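Since this is a predicted model, take the numbers as computed values, not measurements. Convention: sequence-line order gives letters A, B, ...; per-chain numbering from 1. In what follows, every heavy atom counts, from backbone to side chain, and hydrogens, waters and symmetry copies are set aside.
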Amino acid sequence: VEAAEFDLVIRQAGLGSEGALSRLYAEYNRMLVRYLRVHVPGAGEDLAQETWLAVAPRLQGFRGSERDFRVFLLEEARDQAAAYRRNVQREPARPFAPRALSGLRAVDVGDEPVADAALATLLDGLRPLHSEILLLRVVGGLTAEETGALLGKSPGVVRVTQHRVLRQLAKRLGREPITR
Amino acid sequence: MTGPTDYPSEIDVWTADDLISGTLPWIDVPDGYEGLSDLVSAVRRGVAPEEPRWGSPTVAAMAARIATTQAAKRSDPRRRLSARRVPHLAAAMSTVVLLSSAAAAIAGELPAPMQVAASDVARIVGVSVPATHDPGPTTANQGRPGGRSPNGGSLNPAPPTAPAGSNRPNALSKPASSGAVEMTSSHANESMSAGPPAAAGTSPGQAGSESTTTSTSTPSPSLPPTQPSVQLPPYHGSPAGSNSGSPAGSNSGRGVGPGTTGGHSQRG
């Protein structure tokens, strides 16, 4: 959705227009589902739907740009994932298991097993904070500033952390063995 | 000239930022980061927007929830009240309170400090409002069991000498005692027509012929306001018939005693 068109779409969606809601859904749902599937394996689609339903009544009061809406959506998704872990599973938050992605079917978000496999490879073995930064940056499409705001970190911390993670990943994914 | 010891090559923070955001051209990807760049691109392709599709159950549920929320907002009585009616309601209530206060002030029924303040304010705008009201023993005695005898007669009759010849209620004669003094020293008819106390408290016959003897012989003007409670016992149990000739008896509902008269004479 173009920036100029976004205002109209979000206004119409706030009034309950199914056309505008379909535009928003098509634009952001895949991102939302992939993000949530990493956080709550096996419940990503359900939580994405819950996120949309939670966001829908607040669309009319939303004021901001497309970037703001992306943050708004991911923030709600994080809350939904946390609530799911807290209320449904009845156990504290735990580091996600990226390998759980390998067994998922990609029916609901398109037949793109490559993306799922790539995401699983990217996040494998990372600490929760590092994984979250990568998720928000790559899957969520947020900037370092937006990611930092969502995580309560400064943009500098986000950039330094992702830089360290990329170096670590590059070493692990290197085609040539690292010699010392 | 990259040796095996420094593979993958160094990458700066900003290049890493571009790589992870997908804005780093392929040609600029540092050595050793090609695989990582491929993974990032694959993930990004997986979250790319898709074409809108009609009939999605999630979209229908969103629309239904929005409609429900909007309907609930419209039907919320608190919202309706607060949105438009509160200012009107507040204005109406203020008007009612203002009019009630004004009516009470004109009737002299406000508490003394408020009555004085209301009188001062009303005087500014040229409206005559009494500065005090009659809260004294008259009103108090009316509500008490001792204020009236069972047969309807007053238990607080004026002294027998006070109302002699007067057929008016004692309440009407109370200013007369104060006004009668003036009449004895001045022209009675003139003071009747000019002075408000005389006009209000004296009957024409009383002022014309009996004012001198009445004002000099009656003890009521000299009684302090607290005297009635002291003087009440001698009149307890007096026959109802004894009230018939007295002003209090003819009053028969007012229960005005000498204390009232004395109180007014003091104020006057």
Checklist entry - Looking only at heavy atoms, what is the nearest atom pair of A:Arg30 and B:Ala48, with distance? => result NH1-O, 3.0 Å

Checklist entry - Can you tell me how far the CZ atom of A:Arg58 sits from the OG1 atom of B:Thr69, to the nearest 0.5 Å? => result 11.5 Å

Checklist outcome for this item: With chain B, the option among A:Ala48, A:Ala26, A:Gly141 that has the most non-hydrogen atom pairs under 4.5 Å is A:Ala26

Checklist entry - Do any pairs count as a salt bridge (Lys or Arg N to Asp or Glu O under 4.0 Å) and have a residue in residues 111-120 of chain B, sequence neighbours left out, and if so which ones? => result B:Asp120-B:Arg123

Checklist entry - Which is it for A:Asn29 and B:Thr58 under the side-chain contact (heavy atoms from CB on, under 4.5 Å) test, yes or no, and what are the steps along the way? => result CA-CA 10 Å; A:Asn29 188 56; B:Thr58 305; over 6 Å; no

Next on the checklist: Can you tell me how far apart CD1 (B:Ile20) and CG (A:Leu166) are? Round to the nearest 0.5 Å.
Outcome noted: 4.5 Å

Item to check | Verdict with supporting geometry, B:Asp17 and A:Arg137, side-chain contact (heavy atoms from CB on, under 4.5 Å) | outcome: CA-CA 9 Å; B:Asp17 193 68; A:Arg137 294 291 328 263; 2.7 Å; yes

Checklist entry - At a heavy-atom separation under 4.5 Å, does A:Ala54 approach chain B through its side chain, its backbone, both, or neither? => result backbone

Next on the checklist: Test side-chain contact (heavy atoms from CB on, under 4.5 Å) on B:Gln70 and A:Leu15; report intermediate values, then the result.
Outcome noted: CA-CA 9 Å; B:Gln70 289 175 347; A:Leu15 297 175; 4.3 Å; yes

Checklist outcome for this item: So CZ of A:Arg159 and CG of B:Asp12: to nearest 0.5 Å the spacing works out to 11.5 Å

Checklist outcome for this item: Looking only at heavy atoms, the pair that brings B:Ala63 and A:Glu18 closest together is CB-CG, 3.8 Å

Next on the checklist: So for B:Ser56, is it side chain, backbone, both, or neither that comes closer than 4.5 Å to the heavy atoms of chain A?
Outcome noted: side chain

Checklist entry - How many angstroms lie between atom CG of B:Leu36 and atom OG1 of A:Thr121, to the nearest 0.5 angstrom? => result 11.0 Å

Next on the checklist: Looking at B:Gly46, is its backbone amide N or carbonyl O close enough to the side chain of A:Arg34 to form a donor-acceptor pair, meaning the two atoms are under 3.5 Å apart?
Outcome noted: yes

Checklist outcome for this item: Scored by heavy-atom pairs under 4.5 Å with chain B, the best of A:Ala20, A:Ala144, A:Gly19 is A:Gly19

Next on the checklist: At a 4.5 Å cut-off on heavy atoms, which part of A:Ala13 comes close to chain B: side chain, backbone, both, or neither?
Outcome noted: backbone

Next on the checklist: Applying side chain to side chain donor-acceptor pair (under 3.5 Å) to B:Arg53 and A:Ser22, what does each step give before you reach the verdict?
Outcome noted: CA-CA 7 Å; B:Arg53 290 178 299 176; A:Ser22 297; over 6 Å; no

Next on the checklist: Can you tell me which portion of B:Ala61 sits under 4.5 Å from chain A's heavy atoms? Options are side chain, backbone, both or neither.
Outcome noted: both

Next on the checklist: Quick one, B:Glu10 and A:Arg167 - any side-chain contact, counting heavy atoms below 4.5 Å?
Outcome noted: yes

Checklist outcome for this item: Looking only at heavy atoms, the pair that brings B:Val43 and A:Leu119 closest together is CG2-N, 3.6 Å

Next on the checklist: Run the side chain to side chain donor-acceptor pair (under 3.5 Å) test against A:Arg164 and tell me which residues pass, sequence neighbours left out.
Outcome noted: none

Item to check | Closest non-hydrogen atom pair between A:Val138 and B:Val47, with its separation | outcome: O-CG2, 4.4 Å

Checklist entry - What heavy-atom pair brings B:Ala42 and A:Ala115 nearest, and what distance separates the two atoms? => result O-CB, 3.6 Å

